[in-house]
Amino acid sequence: MSQNTTTNTGIILNNFDSVYLDFDGTITKTDTVNAFFKKFALPQWTDIESDWVNGKIDSKTCMQMQLDLIKNLTEEKLYNFLDSIEIQDGFREFCALMIQNNKKITILSDGFDFFISYILKKEGLEYIPLYSNHLEIFKKNISLTFKLTFPNKDKNCSLSLGTCKCSYVQKDIQAGKNFIYAGDGLSDRCIASKSIMLFAKNSLKKHCIENNIRFTEFENFFQISECLLQERDAINAKIGTKNTI
């Protein structure tokens with residue numbers, strides 16, 4: 001990529017100040033939390049998940065109930081699981097591009113900080129600021145138990161999330177700063193309509209189509225980087241409620 005490409009005022013890259021990203025299923029190839037419960041929790045975790053999706057319980061209650069269904073998990077099995085989680089293709093290159101162009105990257109997640117911090121560190125990406133739910137792990141004999149707390153909750157959160165993502169972008173909105181967002185799930189629905197440019201997939205994509213929210217579909221971060229380096233006029237012609245890259 002040539003230097004004059006990133007300094008051209010017509011390039012989308014020059015029209016936003018910050019980058020906010022979901023983690024599970026967005027930065028990672030799989031939803032880390034769901035994969036964790038699928039592998040280690042008692043089968044009832046799916047019923048609890050359905051209650052959350054259908055609005056019967058909030059995400060905070062959902063995740064703690066699911067964590068309580070984890071039995072006889074050892075440290076070795078936990079770390080083997082976390083070591084198996086892969087980040088999405090092109091994410092390192094995307095981060096390098098953002099840093100090169102003085103864009104601040106922040107992860108906003110309704111998942112577990114312990115998992116995210118571990119995965120970022122093993123990938124050499126621990127410099128990325130993170131806001132998520134706080135997971136404490138206790139060891140009794142050889143088995144692990146879990147306690148979840150919510151340092152980033154907001155009583156006014158429209159989705160009753162453990163980590164209210166919208167509250168973190170209010171300062172940018174009030175300062176007149178633009179940001180982009182990439183996400184894939186239920187916890188991304190509120191913030192989705194607030195970004196200058198939204199990248200969506202999975203259930204977030206479906207939500208955007210149903211609610212006429214403009215987005216660009218993505219599968220990996222190579223596609224996002226490529227999109228951000230296009231001319232603004234060209235991308236405006238492409239973005240729509242059902243657009244794909």
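In this structure, the separation between CG on D188 and OG1 on T26 is 5.5 Å, given to the nearest 0.5 Å. Here CG of L130 is found 7.0 Å from OG of S109. Values are rounded to the nearest 0.5 Å. With values rounded to the nearest 0.5 angstrom, C166 atom SG is found 7.0 Å from L159 atom CG. In this structure, OG1 on T163 lies 12.0 Å from NE2 on H134, to the nearest 0.5 angstrom. Taken to the nearest 0.5 Å, the NZ atom of K153 stands 6.5 Å off from the NZ atom of K60. Atom NZ of K155 and atom SG of C164 lie 13.0 Å apart (nearest 0.5 Å).
No side-chain donor-acceptor contact under 3.5 Å links T28 to the backbone of D31. In terms of modelled atom types and a separation under 3.5 Å, the side chain of K71 and the main chain of D68 share a donor-acceptor contact. Side-chain atoms of E136 never come within 3.5 Å of backbone atoms of L148 as a donor-acceptor pair (strictly under, hydrogens ignored). Listed for the D47 side chain is no donor-acceptor partner under 3.5 Å among the backbone atoms of S50. Judged purely by atom type and a 3.5 angstrom limit, Q66 uses its side chain to pair as donor or acceptor with the backbone of W45. Distance alone, capped at 3.5 Å, places no donor-acceptor pair between the E226 side chain and the F222 backbone. The backbone N or O of L13 lies less than 3.5 Å from no partner atom in the side chain of N101, so there is not a single donor-acceptor pair.
Between I116 and T32 the shortest side-chain heavy-atom distance does not fall below 4.5 Å. Inter-residue side-chain proximity for L161 and L186 is flagged as unmet; no heavy-atom pair is nearer than 4.5 Å. Within the 4.5 Å cutoff, side-chain heavy atoms of E123 are placed close to those of I87. K29 is listed as a side-chain neighbour of D89, based on a closest heavy-atom distance under 4.5 Å. L21 is not listed as a side-chain neighbour of T106, based on a closest heavy-atom distance of 4.5 Å or more. At a threshold of 4.5 Å between non-hydrogen side-chain atoms, the residues M197 and F16 do not count as touching. Using a 4.5 Å heavy-atom cutoff, the side chains of N133 and L135 are not in contact. With a 4.5 Å cut-off on side-chain heavy atoms, I85 and T30 count as touching.
In this structure, K205 does not pair ionically with D184, as no charged nitrogen and carboxylate oxygen lie closer than 4.0 Å. Under 4.0 Å is where a charged nitrogen must lie from a carboxylate oxygen, and between D172 and K194 no such pair does. A salt bridge does not link K201 with E217: none of the charged nitrogens is closer than 4.0 Å to a carboxylate oxygen. Under 4.0 Å is where a charged nitrogen must lie from a carboxylate oxygen, and between K104 and D17 no such pair does.
At a cut-off of 3.5 Å, with distance as the only test, a side-chain donor of D58 or T61 sits close to an acceptor on the other residue. Y131 and K165 are not linked by any side-chain donor-acceptor pair at a separation below 3.5 angstrom, with hydrogens and angles left out of the test. Between S18 and K103, the side chains place no donor N or O within less than 3.5 Å of an acceptor N or O (distance only, hydrogens not considered). Between the side chains of N34 and D24, no donor N or O sits under 3.5 Å from an acceptor N or O. Side-chain atoms of D110 and S59 include a donor-acceptor pair closer than 3.5 Å.
Clustering ILVMFWY residues whenever any of their side-chain heavy atoms sit less than 4.5 angstrom apart, transitively, puts I107 in the very cluster that holds Y127.
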#### Entry: Stepwise side-chain contact (heavy atoms from CB on, under 4.5 Å) test for F23 and L120
CA-CA 10 Å; F23 186 79; L120 291 176; 4.1 Å; yes

### Query
Given the rule in the side-chain contact (heavy atoms from CB on, under 4.5 Å) test, do V33 and F112 qualify, once you have shown the distances and angles that lead to the verdict?
CA-CA 8 Å; V33 174; F112 306 149; 4.0 Å; yes

### Task
Test T216 against F218 for side-chain contact (heavy atoms from CB on, under 4.5 Å), laying out the working first.
CA-CA 7 Å; T216 295; F218 77 102; 5.9 Å; no

### Query
Between F37 and T46, is a side-chain contact (heavy atoms from CB on, under 4.5 Å) present by the stated rule, with each step listed?
CA-CA 9 Å; F37 290 137; T46 57; over 6 Å; no

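A182 and I224 make their closest contact through CB-CD1, 4.2 Å (heavy atoms, listed as atom of the first residue, atom of the second, distance). Between G111 and S132 the shortest heavy-atom distance is O-OG, 2.8 Å. Of all non-hydrogen atoms in I48 and M65, the two that sit nearest each other are CD1-CB, 3.8 Å. For the residue pair S167 and D154, the shortest heavy atom distance occurs at CB-OD2, 3.8 Å. Between F150 and G162, the shortest heavy-atom contact is CD2-CA, 3.6 Å. For the pair I196 and I180, the tightest heavy-atom approach, listed with the atom from each and the gap, is CG2-CG2, 4.0 Å.
For K38, the NZ atom sits in a loose shell: 12 or fewer heavy atoms of surrounding residues, nucleotides or ligands are nearer than 6.0 Å. A 6.0 Å sphere centred on NZ of K171 holds more than 12 heavy atoms belonging to other residues, nucleotides or ligands.
Here ring pair (Phe, Tyr, Trp, His ring centres under 6.0 Å) pairs that include residues 77-102, with residues two or more places apart or in two chains, are F36-F81, F40-F81, Y79-Y118, F91-F221, F94-F221.
Side-chain rings of Y20 and Y168 stay apart, their centers remaining 6.0 Å or farther from each other.
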